[in-house]
Amino acid sequence: MHVTVRVPAKVNLQLAVGPLREDGYHDLVNVFHAVSLYDEVTAAEPGDPGDSGGPIRVMVRGEGAAEIPTDDGNLAVRAAQALARSAGRSYRADLVIDKAIPVAGGMAGGSADAAGALVACNELWGLGLPAEDLMEIAADIGSDVPFALLGGTAVGTGRGERLTPLETTGVFHWVFALADGGLSTPEVYGECDRLRAAAGHGTPQPVASEPLLAALREGDAEGLGRVLRNDLQPAALSLRPSLARTLRAGRELGSLGAIVSGSGPTCAFLAGSQAHATDLAAALTKETGICRSAVTAFGPVLPSEAVLHRTTAESSTRGRPCDADER
Ligand code: C5P
């Protein structure tokens, strides 16, 4: 049997970073927004149970695949291992990850793959674990993994793993400018601490932006564009100064808002409509040196919009939405 899950990327609409904690993390107010840029994670029973390799193996395909570890450093492998441990059995699975989310791009691609592996292996192994159990395992894998299971738009507190879904109206249209090469999330947080220490002023506890929550509630793209905020942006710009030009180009080309996505280096631009997003993406890629490529996407997307297809010897269902009896 094969189970394939489609998992969305995220952009952070507000990433408010508090002081460094003793455990090496930062307290956050993190407004996550899932967008229609997906990786696909397939979990299959290994063809030959006597094969060499660990019980969970992974193959990664698509752009940037060569940079992704295929050993225990792979978040999807770690997620599947943690799920098997929680079930108390030594399950086996071959995972295939088809990447469309930029690698080390600040869009939580690795976290999406981990979430996809949890959902796919839960189904493959017939565990039937409820969403709250998957959420707990997800939080141990990484701060962004619980949101990748939840989707939509949500505010994350703590290190980003404690989620409250947010009410939103309508659809927001985005352009993502992809950069050459990734940025390391721990390095960007470290640079954020360094810049703050050098500036010599204290770091307040993070607070959710009321105008941002109101713009989301009202479906007000112009209002949202004005209040997008990412505290990691100065650090990402310090490590990758060329991003300043990318952001400036997007603003000059009429985006409603321009921001580094998460720890970067992907830049996110809010557009007023799908047509506006398409024009903006074309304009960003027309001139050389602004970005490697640009893709359009919309948000929020919900897990129920994700494709789950499952193929057994007897049946083949493809492209159907996830629903209760398939989970
Ligand atoms: O949780 P995750 O493994 O995805 O975090 C990767 C790194 O990002 C952490 O090791 C830490 O350096 C940084 N981080 C942080 N504060 C957070 C989330 C992540 O400092 N709230």
Pair His173, Ser273: side-chain N/O donor-acceptor within cut-off below 3.5 Å: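 His173 vs Ser273: no donor-acceptor pair found between side chains.
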Give a yes or no on whether [X] and [Y] share a hydrophobic cluster (residues Ile, Leu, Val, Met, Phe, Trp, Tyr; joining criterion: side-chain heavy atoms under 4.5 Å apart).
| X | Y | answer |
| --- | --- | --- |
| Leu150 | Val119 | yes |
| Val11 | Phe269 | no |
| Leu243 | Val103 | no |
| Tyr25 | Val188 | no |

Donor-acceptor contact below 3.5 Å, side chain [X] vs main chain [Y]:
| X | Y | result |
| --- | --- | --- |
| Asn230 | Leu232 | yes |
| Asn122 | Gly128 | yes |
| Arg57 | Thr70 | no |
| Gln14 | Val207 | yes |
| Arg240 | Gly182 | yes |
| His276 | Gly254 | yes |
| Asp231 | Val17 | yes |
| Ser238 | Pro234 | no |
| Ser261 | Gly264 | no |
| Lys10 | Gly106 | yes |

Are side-chain heavy atoms of [X] and [Y] found at a separation under 4.5 Å?
| X | Y | value |
| --- | --- | --- |
| Leu270 | Phe172 | yes |
| Ser86 | Leu129 | yes |
| Leu13 | Leu216 | yes |
| Leu247 | Leu237 | yes |
| Val96 | Asp94 | no |
| Val155 | Val29 | yes |
| Met107 | Leu37 | yes |
| Asp144 | Asn30 | yes |

Please report the interatomic distance [atom1]([X]) to [atom2]([Y]), rounded to the nearest 0.5 Å.
| X | Y | atom1 | atom2 | result |
| --- | --- | --- | --- | --- |
| Leu134 | Leu83 | CG | CG | 6.5 Å |
| Ser143 | Glu161 | OG | CD | 6.5 Å |
| Leu178 | Cys267 | CG | SG | 10.0 Å |
| Thr185 | Leu183 | OG1 | CG | 8.5 Å |
| Leu28 | Arg159 | CG | CZ | 10.0 Å |
| Ile290 | Glu252 | CD1 | CD | 8.5 Å |

Salt bridge flag under 4.0 Å for residues Arg196 and Glu191: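 A salt bridge is absent here (no side-chain N lies under 4.0 Å from a carboxylate O).
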Ion pair Arg78/Asp140, N-O distance below 4.0 Å: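 Salt bridge: no.
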Side chain to side chain contact (heavy atoms under 4.5 Å, CB included) evaluation trace for Leu149 with Met135: CA-CA 7 Å; Leu149 283 174; Met135 282 287 193; 4.2 Å; yes
Intermediate values then yes/no, side chain to side chain contact (heavy atoms under 4.5 Å, CB included), Leu95 and Ile56: CA-CA 7 Å; Leu95 303 176; Ile56 312 292; 3.9 Å; yes
CA sep, side-chain torsions, deciding dist, call: Arg61, Ile97, side chain to side chain contact (heavy atoms under 4.5 Å, CB included): CA-CA 6 Å; Arg61 305 190 290 215; Ile97 300 173; over 6 Å; no
Which atom names give the shortest non-hydrogen contact between [X] and [Y], and what distance separates them?
| X | Y | value |
| --- | --- | --- |
| Pro211 | Val227 | CB-CG1, 4.0 Å |
| Cys291 | Thr246 | CB-CG2, 4.5 Å |
| Ile68 | Asn74 | CG2-ND2, 3.5 Å |

Non-neighbouring partners of Glu63 that pass side-chain hydrogen bond (donor to acceptor under 3.5 Å, both in side chains), sequence neighbours left out: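 Partners of Glu63 under the side-chain hydrogen bond (donor to acceptor under 3.5 Å, both in side chains) test: Arg292.
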Non-neighbouring partners of His26 that pass ring-ring contact (aromatic ring centres under 6.0 Å, His included), sequence neighbours left out: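 With sequence neighbours excluded, His26 shows a ring-ring contact (aromatic ring centres under 6.0 Å, His included) to Tyr189, given in chain and number order.
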Heavy atoms of other groups near Arg89 CZ, more than 12 under 6.0 Å: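 No, CZ of Arg89 has 12 or fewer neighbouring heavy atoms, counting only those of other groups under 6.0 Å.
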Stepwise side chain to side chain contact (heavy atoms under 4.5 Å, CB included) check, Gln81 with Asp72: CA-CA 9 Å; Gln81 289 169 337; Asp72 290 358; 3.1 Å; yes
Selection residues 95-127 - residue pairs positive for ring-ring contact (aromatic ring centres under 6.0 Å, His included), sequence neighbours left out: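 Checked against ring-ring contact (aromatic ring centres under 6.0 Å, His included) - neighbours excluded - the pairs reaching residues 95-127 are Tyr91-Trp125.
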